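Working notes, structure below.
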Amino acid sequence: MSNKIYKPKSISGFPEWLPEVRLVEQQWFDHIRRVFESYGYCNIETPSVEELDVLRAKGEVDKEIYVIDRLHKEEGDKEGRLALHFDQTVPFARYTAQHFNDLVFPFKRYQMQRVWRGERPQAGRFREFYQCDIDVINVDNLPISFDAEMPAVMWEILTALPGMQDEKIQIRISNRKVLLGYIESLNVSENIAAQILAIIDKIEKIGAIETSKQLNELLKNNPLHALMVDNILSLTQTNDLKSVQPENEQMKEGLHELITVMDRLKHLPEGAVVADLSIVRGLDYYTGTVYETVFLDDPNYGSICSGGRYDDLAGSYINKHLPGVGISIGFSRLFARMVDKQKLDLKAKTPAQVLVVIPSEEQQVAAAETAQILRKNGHKVELYHAAQKLGKQLGYAEKKGIPFVWFVPSEKDGMHQLKDMYNRDIPNKDFKDPSEWKANA
RNA sequence: GCGACUGUAGCUCAGCGGUAGAGCCCUCGGUUGUGGUCCGAGUUGUCGCGGGUUCGAACCCCGUCAGUCGCCCCA
């Protein structure tokens, strides 16, 4: 055995939490799971790794993918290269294609797992993080109503998460067919079109004036550039979808879909969900509706809940047409912000609700028996580990944030006592029998 | 991948050329069946790493690694 001590340090971008934070994180997962299931989504879990070729099936992927290797891999070993998945949508599409015959469609599933991206970490940006996804995939046709269900479910979750009550968030929705259709009508090269999208994507960050400047610079060789820039800006900033004149069939279809989705979200509070044609959402597999969600007081923190519709992602793995739509909570990004802003209730460092103390050696057995009875009655119980001074035992309960302390009787035929640690003024409750104490009473 | 800034005790930081410090935390005591306050005592360091300048470097210089924040990209 070596005595060498490796100084412990956290690896940047790979978050880990203290017990009191983890407890709240688990509550968040419970809450999210409950709402997902209330809409009938079933859970699946896919492996952390996929074959690299599966992850790249949709062509070039910009995302930084971690590949994994065996330490003792021999030269010439013929194995598919394995890689950690960078999202849950691609593995889900593979899963759906693979188990096509055993699934019932429309297939509604949720997934809450870690994903990995080798990007440079920053506030709210990790290399290992949780996503909570819901997706629906159907055969041949997927009703547009699902495009409206996605943000509705997420709004319900996000506004009710413990600690999120005061946060002002907004889900923004667009349809890529609108902007892509419009840009197609401009007859510019593919390269220029991509650059236009990249500039529009930053509109909130850099402002309309800077956007206009950059677009003019980009398009300056086109004789109509002033008009084009004006039109792009007014399109991406419009508040009235119905007044937009479609330039072609694709744009018309996108507008119609977007208007339909917005119509079906009218039951949500004013400003919860808005149509925003400047949403670009990268350049990967989305083909129609796209979502992103921001904190209104800090939109640059990044999206905490994004997704969209993909017409043919599963088609990379099976010769069928399997359109889908999905949305994903950037769980770790969202959670880390609430931790940083101290919005979480971190009193408890343990799930234990009651600490059974051991006032003296003689009571050790009685204390252990009592703890067992309380557990059988549904309480979460920790038994103190030694017959030490009571002040020390109470201090322990306090430090761990255990709300109740239990005293076994000090004499034959005496009463059990329950002490409330948070409300010192409340007198101790007496019980003849530990079973008289009901959980949550 | 590019740029800026920062690395000193478990944590937050002071010291900026002359023997390494404070607060918090932790441990014990004041308090042998009822905690949080207060008081006293105590433990804690390759000053990120390597090289250079200097009689002397935590401090100045070079390199390197790590972290934070921007850019890019994204949850």
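As the structure is a prediction and not an experimental result, all values here were calculated from the model. So that the names make sense, note that chain A is the first sequence line, chain B the second, and so on, each numbered from 1.
The main-chain N or O of A:R127 is never found under 3.5 Å from a side-chain atom of A:Y66 such that the two would form a donor-acceptor pair.
In this entry B:A66 has B:U6 as its Watson-Crick or G-U wobble partner, both defining distances falling under 3.5 Å. Both distances falling under 3.5 Å, in either a Watson-Crick or a G-U wobble arrangement, place B:U27 opposite B:A41. The nucleotide B:U34 finds no pairing partner, because no Watson-Crick or G-U wobble arrangement with both distances shorter than 3.5 Å includes it. Under the Watson-Crick and G-U wobble criteria, each requiring two contacts below 3.5 Å, nucleotide B:G56 is left unpaired. The partner of B:C13 is B:G21, by the rule that a Watson-Crick or G-U pair needs both atom distances under 3.5 Å. Remark: B:C71 base-pairs with B:G1; criterion is Watson-Crick or G-U wobble with both hydrogen-bond distances under 3.5 Å.
Contacts of A:E411 with the nucleic acid, taken as non-hydrogen atoms under 4.0 Å apart, are absent. The residue A:F407 sits close to a base: some heavy atom pair falls under 4.0 Å. Residue contacts for A:K400: at a heavy-atom cut-off of 4.0 Å it reaches no nucleic acid atom on any strand shown. Among the atoms of the strands shown, none is found under 4.0 Å from any heavy atom of A:G307. Using a 4.0 Å heavy-atom criterion, one finds that A:Y396 contacts no nucleic acid atom at all. Within the nucleic acid shown, A:S303 comes within 4.0 Å of sugar-phosphate atoms alone, with no base atom in reach, counting heavy atoms only.
Here, B:U64 and B:C26 have their P atoms 42 Å apart, quoted to the whole Å. As rounded to the nearest Å, B:U27 and B:A20 have P atoms that lie 30 Å from one another. Comparing B:A58 with B:G18, their P atoms sit 10 Å apart, to the nearest whole Å. Here, B:C28 and B:U43 have their C1' atoms 11 Å apart, quoted to the whole Å. B:G35 and B:A22: their P atoms are spaced 32 Å apart (whole Å). If you take atom P in B:G45 and the same atom in B:G10, they sit 8 Å apart, rounded to whole Å. Across the P atoms, B:G67 and B:C74 are found 23 Å apart, a figure rounded to whole Å. Nucleotides B:U8 and B:C59, compared at atom P, are 13 Å apart to the nearest Å.
In this entry the distance linking CG of A:L355 with P of B:U34 reads 16 Å, nearest Å. One atom, CD of A:Q363, and another, C1' of B:U34, lie 13 Å apart when rounded to the nearest Å. For the pair A:M112 CE and B:A75 P, the interatomic distance rounds to 19 Å; values are reported in whole Å. If you measure from atom CE of A:M154 to atom P of B:A75, you get 13 Å, rounded to the nearest angstrom. When rounded to the nearest whole Å, the span between CD1 of A:I358 and P of B:G35 equals 19 Å. Rounded to an integer number of Å, the gap from CZ of A:F86 to P of B:A75 is 10 Å. When rounded to the nearest whole Å, the span between CD of A:E362 and P of B:U32 equals 17 Å. Here B:G35 presents its C1' atom at 13 Å from OH of A:Y422, a figure rounded to the nearest Å.
By the neighbour-count criterion of 12 heavy atoms within 6.0 Å, atom CG of A:L296 is densely surrounded, having more than that number from other residues, nucleotides or ligands.
Comparing B:U34, B:G30, B:C73 against the side chain of A:E119 picks out B:C73 as the nearest. Checking B:C2, B:U31, B:C72 against every side-chain atom of A:R120, the shortest atom distance belongs to B:C2.
For the pair A:K205 and B:C71, the criterion of a side-chain N or O lying under 4.0 Å from OP1 or OP2 is met. Look at A:Q417 and you won't find any side-chain N or O under 4.0 angstrom from OP1 or OP2 of B:U34. Close to B:U68, at under 4.0 Å from its OP1 or OP2, lies a side-chain N or O of A:S12.
Heavy-atom distances to RNA chain B give each of A:K202 and A:C305 a nearest nucleotide, and the one nearer the 5′ end belongs to A:K202. The nearest heavy atom of RNA chain B to A:S306 and to A:A123 marks one nucleotide each, and the one closer to the 5' end goes with A:A123.
Contact between A:V280 and A:R176 at its shortest, heavy atoms only, is O-NE, 3.5 Å.
The existence of a salt bridge linking A:K202 and A:E210 is excluded, since no basic side-chain nitrogen approaches an acidic carboxylate oxygen closer than 4.0 Å. Using a 4.0 Å cut-off between charged nitrogen and carboxylate oxygen, A:E20 and A:K347 do not count as a salt-bridge pair. Ion pairing between A:E149 and A:K108 holds under the 4.0 Å rule for side-chain N and carboxylate O.
A donor and an acceptor atom sit less than 3.5 Å apart, one in the side chain of A:R333 and one in the base of B:C74. Applying the 3.5 Å distance criterion, the base of B:C73 shares no donor-acceptor pair with the side chain of A:R117.
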Pair up each side-chain donor or acceptor in residues 328-340 of chain A with any protein partner under 3.5 Å, not counting sequence neighbours, and list the distances.
from   : atom 1 : to     : atom 2 : distance (Å)
A:S328 : OG     : A:D133 : OD1    : 2.8
A:S332 : OG     : A:Y130 : N      : 2.8
A:R333 : NE     : A:G124 : O      : 2.7
A:R333 : NH1    : A:S303 : O      : 2.8
A:R333 : NH2    : A:G124 : O      : 3.4
A:R337 : NH1    : A:D298 : OD2    : 3.1

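In summary, the side chains of A:Y95 and A:R109 do not present any donor paired with an acceptor at a separation below 3.5 Å, with no hydrogens or angles considered.
Here the CZ atom belonging to A:F295 is positioned 7.0 Å from the OH atom belonging to A:Y301, to the nearest 0.5 angstrom.
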Worksheet item: What do the steps show when you test A:R81 against A:E51 for salt bridge (Lys or Arg N to Asp or Glu O under 4.0 Å), and what is the final call?
Response: CA-CA 6 Å; A:R81 280 183 95 191; A:E51 283 186 21; over 6 Å; no
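Residues A:Y310 and A:L322 have side chains not in contact (no heavy-atom distance under 4.5 Å, counting atoms from C-beta outward).
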Protein and nucleotides 23-28 of chain B: nitrogen or oxygen contacts under 3.5 angstrom:
from  : atom 1 : to     : atom 2 : distance (Å)
B:C28 : OP1    : A:K392 : NZ     : 3.3
B:C28 : OP2    : A:K392 : NZ     : 3.4

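The aromatic ring of A:F129 sits over the base of B:A75, with ring centres less than 5.5 Å apart and planes tilted by under 30°.
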